[in-house]
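Counting convention: from 1, in listed order, for ligands and their atoms alike. Quick note: numbers below take in every heavy atom, side chains included, and nothing from hydrogens, waters or symmetry partners. All values derive from a computational prediction rather than experimental measurement.
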Amino acid sequence: KIDNSGHEVRRFPDSLLFGTATASYQVEGAWNEDGKSENIWDRLTHTQPCLVKNCDTGDIADNSYYNYRRDVEMMRELGLDFYRFSLSWSRVLPTSFPDQINEAGVNYYNNLINEMLKYNIQPMITLYHWDLPQKLQELGGWANPHIVDWFSDYSRVMFELFGDRVKYWFTINEPREVCYQGYAGQSMAPAYNISGMAEYLCAKNLLVAHAKVYHMYNEEYRPTQGGLVGIVLSASWFEPENEGDEEAAEELRQFEWGSFAHPIFSESGDFPPVMKEKIAAKSAAQGFLRSRLPEFTSEEIDLIKGSSDFFGLNHYTTNLVYRNDTVNGMYSSVSYYDDIEVGFYQSTEWPETGATWLKMVPWGFYKLLTKIREDYNNPPVFITENGCASREGLDDDTRVTYYKSYLDVMLDAIEDGSDVRVYTAWSLMDNFEWLEGYYDRFGLYEVDYESSERTRTPRKSAFLYKEILRTRTLDMHFEPDATLPMTI
Ligand code: GBH
């Protein structure tokens, strides 16, 4: 289709929903107010402060606990169909358990939900976006199999409280980051750093917990509440560095996201075969009496298989992969990367954005969507996060180019038959970017951290997104202007 000025303009499917996302610890602030208890990010930022850039904390963040009306106003300015946010477990259940429900915390989420619904903006809720109550961490967190019950009980209370109005639920955001960064590594709370061991326990327990909650919703709440529930996986695209590296690239894909996608979305279920084989062989050679990758029972395999109404996908960037069986020069050491035996990096030729790990590689997004369609029998895909970082300032031309080019290839994948139903820009506004503090900015709106109001101002990309949502088309030549007034 050609517009008046002769440009190619592509139309999005009428049924595609557009929104933006945030997460509780990244935006809410009010870390110890109105009865909220401590979570693992409160603990990490307060006891190891300078692990985070500039020693930043989420104590105040965007102060959304008090600014929710402005947040909804921004959603209206953009013309969003939905807004994805997460619940702070320790805000609603300060003891971690359902014996005490914190009314003030519940009121906050009710106010936010009701304000959105007033303007026909659908709430999409993530139950767990990384801020585990500290008490549960001290009991082992996701490495303790009892988390299956803890997470089920918490989720049940949330379905009871909000499920009359909320029709889209995400159980867990990015198991890969939860387990591989938080338990194997130390770039996420709780920073256990027990690689080759803790992440696999975490993965197993997390998948069972997710599946239990899926079935609980499916059997007990769906009949009356009628919503959808699924998981959100992070997946980078992994491209072989050379032709001979396809096997290495595929193995990395299976470890990085197949570990969570295969048990849920494949026909056979269970962890990916290559992951089971590699870890079992490594474990035996290292003198372990059993594989460091725990096994599922056949009941658990069946429970997990098919336990998501859609493939929730967070995608940001692409890496090149090569075979490396002397990872870090420490072949005999027990670790996740030693189990995989690959190395990866980003090409210096790819355009940079404001985050060191995030280069702009739209064709990787296309390849990933194609692979999901082919490997998992074309599931409905919800893009639950996509976006890039910038620094301060309203002229975020790189982000404008990023969104145009990633949406363009998403349309290519849809034309090929990918069943993409939801697209979510990360993020509505700048927020606490975990170990990067407030340095990496992902917002369509800039947040002024010098102002006590945490003033929000639309960037160029906000005007682009608004135009895309208004017209439901993608015009590669549209040039947004951030000096215009933003209207509703
Ligand atoms: C998402 O994670 C999160 O869901 C969201 O909360 C976050 O704000 C958003 O992305 C933006 O980061 O190469 O060692 O520096 C994305 C997961 C985070 C995985 C950064 C790769 C880089 C690790 N990615 N991480 S490193």
Side-chain angles (χ1 to χ4, degrees), residues 19-28 39-41 51-53 56 58 61-62 64 84-88 124-132 170-182 184-189 191 193 195 199 231-238 252-253 255-257 259-260 312-321 328 336-337 343-347 350 352-361 364-365 368 382-390 399 402-403 406 424-444 447:
T20 63
T22 61
S24 46
Y25 187 76
Q26 296 181 273
V27 301
E28 285 179 7
N39 65 42
I40 58 175
W41 276 91
L51 211 60
V52 178
K53 201 167 274 178
D56 287 333
D62 295 352
S64 281
R84 171 178 176 243
F85 63 98
S86 80
L87 303 178
S88 161
M124 293 192 179
I125 289 190
T126 310
L127 288 160
Y128 185 74
H129 198 125
W130 306 357
D131 44 358
L132 195 74
F170 305 111
T171 53
I172 294 156
N173 182 68
E174 298 190 348
R176 178 204 170 272
E177 275 58 38
V178 173
C179 297
Y180 298 177
Q181 292 193 236
Q186 33 190 349
S187 53
M188 287 284 162
N193 200 21
S195 189
E199 70 276 49
I231 198 163
V232 170
L233 305 184
S234 59
S236 298
W237 177 248
F238 295 106
L252 185 58
R253 292 171 205 140
F255 269 75
E256 288 279 284
W257 40 272
S259 47
F260 301 99
L313 174 65
N314 291 355
H315 175 77
Y316 289 91
T317 196
T318 288
N319 285 277
L320 295 173
V321 187
N328 301 327
Y336 172 75
Y337 287 111
F344 58 92
Y345 65 100
Q346 295 197 294
S347 166
W350 298 340
E352 291 179 5
T353 77
T356 49
W357 55 275
L358 206 174
K359 298 203 177 192
M360 200 185 312
V361 196
F365 187 28
L368 175 63
F382 287 16
I383 312 292
T384 35
E385 289 179 26
N386 178 237
C388 73
S390 63
R399 181 176 290 107
Y402 183 99
Y403 277 123
Y406 275 67
T424 316
W426 182 277
S427 175
L428 175 63
M429 58 191 155
D430 296 339
N431 54 59
F432 179 81
E433 180 51 25
W434 311 111
L435 288 198
E436 299 305 314
Y438 299 102
Y439 188 66
D440 286 0
R441 310 284 190 124
F442 277 84
L444 297 175
V447 175

When you measure from the side chain of Asp62 to the backbone N and O of Ser64, does any donor-acceptor pair fall under 3.5 Å? no
Flag, side chain of Tyr25 to backbone of Ala61, donor-acceptor distance under 3.5 Å: no
Option set Met188, Gln346, His315, Glu177, criterion heavy-atom distance to atom 19 (C) of ligand 1, minimum: Glu177
Given Tyr316, Tyr345, Trp357, identify the one with the heavy atom nearest to atom 10 (O) of ligand 1. Tyr316
Check ligand 1 against Glu433 and write out every atom of the ligand that is under 4.0 Å from a heavy-atom position of the residue. 7 (C), 8 (O), 11 (C), 12 (O)
Heavy-atom distance under 4.5 Å between the side chains of Tyr128 and Leu132, does that happen here? yes
Taking the side chain as every heavy atom from C-beta outward, state whether Arg176 and Leu233 have any pair of such atoms under 4.5 Å apart. no
Distance under 6.0 Å and angle within 45° of ring axis: Arg84 vs Trp426: no
Does His129 have a non-hydrogen atom less than 4.0 Å from ligand 1? yes
For atom 2 (O) of ligand 1, what is the closest protein heavy atom, and at what distance to 0.1 Å? Glu174 OE1, 2.9 Å
Closest protein heavy atom (residue, atom, distance) for atom 1 (C) of ligand 1: Glu385 OE1, 3.1 Å
With the threshold set strictly below 4.0 angstrom, can you tell me whether any protein non-hydrogen atom sits that near atom 6 (O) of ligand 1? yes
Is the shortest N/O to N/O distance between Gln26 and ligand 1 below 3.5 Å? yes
Polar contact flag for Asn173 and ligand 1 (N/O pairs, less than 3.5 Å): yes
Ignoring hydrogens and geometry beyond distance, is a side-chain donor-acceptor pair present between Asn314 and Asn386 at under 3.5 Å? no
Does the side chain of Tyr316 pick up a donor-acceptor pair with the side chain of Glu385 at under 3.5 Å? yes
